[in-house]
Amino acid sequence: MAELSDSYRLKYVFGIDFGTSYTKYGPITLAEPNVVQTRGLFLRDVPESVKMRIPPDVLSRGLVVGDEEVRNYLSSVRDVQRNMKYPLKDGIARRDDEDAWSVLRELARYVLAQFPVADPEFKGWLVSMALSALAPDYMYRGFFDILEKISAESKSIYAATVLPQPLAVAIAENAVNCVIVEGGHGNIQVAPISYAMIREGLVALNRGGAEANAVTREVLKDMGYGDVAREEYVVETVKRAVGLVPRGLGQAIAAARSNPDKFTAKVRLSPIVEIEIPKEYAWTRFLIGEIVFNPRHEEFKSYIDQSRIRIEDAVIGDVTLYGEMDLASAIISSLRSVSVEVQDRVASNVILSGGAFKWDVPAGLEEYAVNSVEKVRLMLGEVNRELAAKVGVRLVKEPQYSAWRGAVIYGYALPLSLKWDNINKEGWYIIGGTS
């Protein structure tokens with residue numbers, strides 16, 4: 001295969017970070033990626049009167065992706081529940097889920113089509129994809145097959161590669177020795193890095209933004225907003241607006257119950273829909289953030305036992321995703337797989353990334369609420385003070401974008417002479433057998 005010039009790679013590396021909730025994508029030339037929800041709307045049971053107004057190419061596919069495109073064809077809440085498909089659960093698409101793979105194929109076609117190229121020197125994109133560290137082998141093959149089909153239609157892809165999201169974050173942060181804690185919508189991946197990702201040290205938690213959404217949904221139902229709580233958009237918006245990470249859950253709940261006026265909130269969703277968190281439910285704001293960090297707390301477990309939320313272990317391949325393990329214990333467990341000789345060096349740099357760690361502290365609530373960095377520091381101090389004294393914790397500057405940024409850097413730096421290796425899972429997969 002002919003080596004492409006550095007100037008070519010500086011224009012035509014294309015990064016895609018396939019997250020459970022959002023897909024971040026775009027060429028290396030962007031300062032930050034485009035973002036689209038990882039979902040698709042199937043055009044099923046469409047009345048004839050509606051079919052007449054749908055473009056034939058859209059109707060023939062029977063599926064739309066892209067936020068604006070989905071909204072164009074979205075109607076009722078019932079439509080959302082029946083025809084909306086979120087293809088990834090915990091970053092994984094099931095092998096036999098045909099609808100999921102249809103959405104992922106259409107999504108890949110959609111994101112690449114956003115950047116048409118007229119350059120006569122264009123030989124195709126170098127597509128660098130960040131996937132969950134838990135992604136099984138068949139997902140790698142599935143995405144390569146998708147890109148083969150897209151390129152057969154458009155001749156728009158030269159080669160593709162894949163890297164785990166935690167490694168992508170480490171590359172974006174130029175961190176050689178570190179612990180990456182990547183918290184997305186579907187799960188939390190804790191991975192030690194010493195130049196490469198130490199796969200034996202991967203610890204996965206079966207919770208993330210989706211579980212914070214689940215708590216938000218239950219709170220909305222308890223407050224009498226069950227009608228709108230069925231919409232994921234509503235739940236996500238309310239979570240971001242009112243969710244809090246407690247400095248200490250017991251103290252925060254006690255404060256909110258004794259002085260509820262300080263913790264009430266309102267969220268306007270549209271000109272006719274407003275959500276109000278009343279006094280008697282003000283304390284529940286702290287449950288929304290706490291589930292990401294420590295669902296073992298007694299106050300939290302008491303609420304979970306009374307709700308329909310389930311936090312359980314899950315198994316994907318040979319990896320167990322722990323439901324209730326707290327984040328500090330996960331970090332320590334991950335570090336145990338690192339050579340003792342470099343443990344201190346790796347532990348000194350704990351990097352948080354992903355939308356699950358994007359929490360604000362409203363003015364006036366600093367005594368009770370904290371950001372993700374402070375929460376992890378406090379939790380590590382409670383478990384192991386000696387370790388906590390040596391650990392540096394930080395949040396990446398753009399939590400939702402760092403995996404995409406690492407993907408494009410990786411795509412630029414990875415030698416094109418290195419062909420894809422199914423064992424080591426690195427190198428370039430040549431689309432169409434180009435040489």
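Between E153 and R109, the shortest heavy-atom distance links the atoms OE2-NH2, 3.0 Å. Closest non-hydrogen pair, Y281 versus D222, comes out as OH-O, 3.0 Å. In this structure, A160 and M129 approach most closely via the heavy-atom pair CB-CE, 4.3 Å. Scanning all heavy atoms of the two residues, the minimum distance from N371 to V361 falls at N-CG2, 3.6 Å. Nearest heavy-atom pair, L88 versus G19, reported as atom, atom and distance to 0.1 Å: CD1-O, 3.6 Å. Nearest heavy-atom pair, V103 versus V65, reported as atom, atom and distance to 0.1 Å: O-CG1, 4.2 Å.
Formation of a donor-acceptor pair under 3.5 Å by the R285 side chain with backbone atoms of F263 is found in this model. The closest donor-acceptor contact from the side chain of N294 to the backbone of R296 lies under 3.5 Å. The closest donor-acceptor contact from the side chain of R39 to the backbone of K85 lies at 3.5 Å or more, if one exists at all. Between the side chain of W101 and the backbone N or O of D96, no donor-acceptor pair lies under 3.5 Å. With hydrogens and angles disregarded, a donor-acceptor distance shorter than 3.5 Å links the side chain of D67 to the backbone of Q37.
Under the 6.0 Å cut-off for aromatic ring centres, F18 and W404 do not qualify, their centroids lying 6.0 Å or more apart. Taking the centre of each ring, Y368 and F286 stay at or above the 6.0 Å mark. For Y140 and Y429, the ring centers sit 6.0 Å or farther from each other. Between F144 and W420, a ring centre-to-centre spacing shorter than 6.0 Å is recorded.
For the residue pair Y12 and D119, a side-chain donor N or O sits within less than 3.5 Å of a side-chain acceptor on the partner. Checked by atom type, the side-chain pair S60/D57 shows no donor-acceptor distance below 3.5 Å.
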| Could you go step by step and tell me if S151 and S156 meet the side chain to side chain donor-acceptor pair (under 3.5 Å) rule? | CA-CA 5 Å; S151 193; S156 60; 5.1 Å; no
Output, in order, the C-alpha distance, side-chain angles, deciding distance and verdict of salt bridge (Lys or Arg N to Asp or Glu O under 4.0 Å) for R405 and E32. CA-CA 8 Å; R405 203 173 302 284; E32 61 183 45; 5.7 Å; no
Practice item. Go through R247 and K375 one step at a time and tell me if the side chain to side chain contact (heavy atoms under 4.5 Å, CB included) criterion holds. Key: CA-CA 7 Å; R247 185 176 294 276; K375 181 70 172 181; over 6 Å; no
Side chains of residues 190-213: which donor-acceptor partners sit under 3.5 Å, not counting sequence neighbours?
{"unit_1": "S194", "atom_1": "OG", "unit_2": "N177", "atom_2": "OD1", "d": "3.1"}
{"unit_1": "N206", "atom_1": "ND2", "unit_2": "E312", "atom_2": "O", "d": "2.8"}
{"unit_1": "R207", "atom_1": "NE", "unit_2": "I291", "atom_2": "O", "d": "2.7"}
{"unit_1": "R207", "atom_1": "NE", "unit_2": "V292", "atom_2": "O", "d": "3.2"}
{"unit_1": "R207", "atom_1": "NH1", "unit_2": "G323", "atom_2": "O", "d": "2.8"}
{"unit_1": "R207", "atom_1": "NH1", "unit_2": "M325", "atom_2": "O", "d": "2.8"}
{"unit_1": "R207", "atom_1": "NH2", "unit_2": "V292", "atom_2": "O", "d": "3.3"}
{"unit_1": "R207", "atom_1": "NH2", "unit_2": "F293", "atom_2": "O", "d": "3.4"}
{"unit_1": "R207", "atom_1": "NH2", "unit_2": "M325", "atom_2": "O", "d": "2.8"}
{"unit_1": "E211", "atom_1": "OE1", "unit_2": "G208", "atom_2": "N", "d": "2.7"}
{"unit_1": "N213", "atom_1": "OD1", "unit_2": "K239", "atom_2": "NZ", "d": "2.9"}
{"unit_1": "N213", "atom_1": "ND2", "unit_2": "E232", "atom_2": "OE2", "d": "2.8"}
{"unit_1": "N213", "atom_1": "ND2", "unit_2": "E236", "atom_2": "OE1", "d": "3.1"}

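Salt-bridge check for E274 with R268: passed, with a basic side-chain N closer than 4.0 Å to an acidic carboxylate O. The pair D145-R141 counts as a salt bridge, with a side-chain nitrogen and a carboxylate oxygen less than 4.0 angstrom apart.
Residues S353 and V181 have side chains not in contact (no heavy-atom distance under 4.5 Å, counting atoms from C-beta outward).
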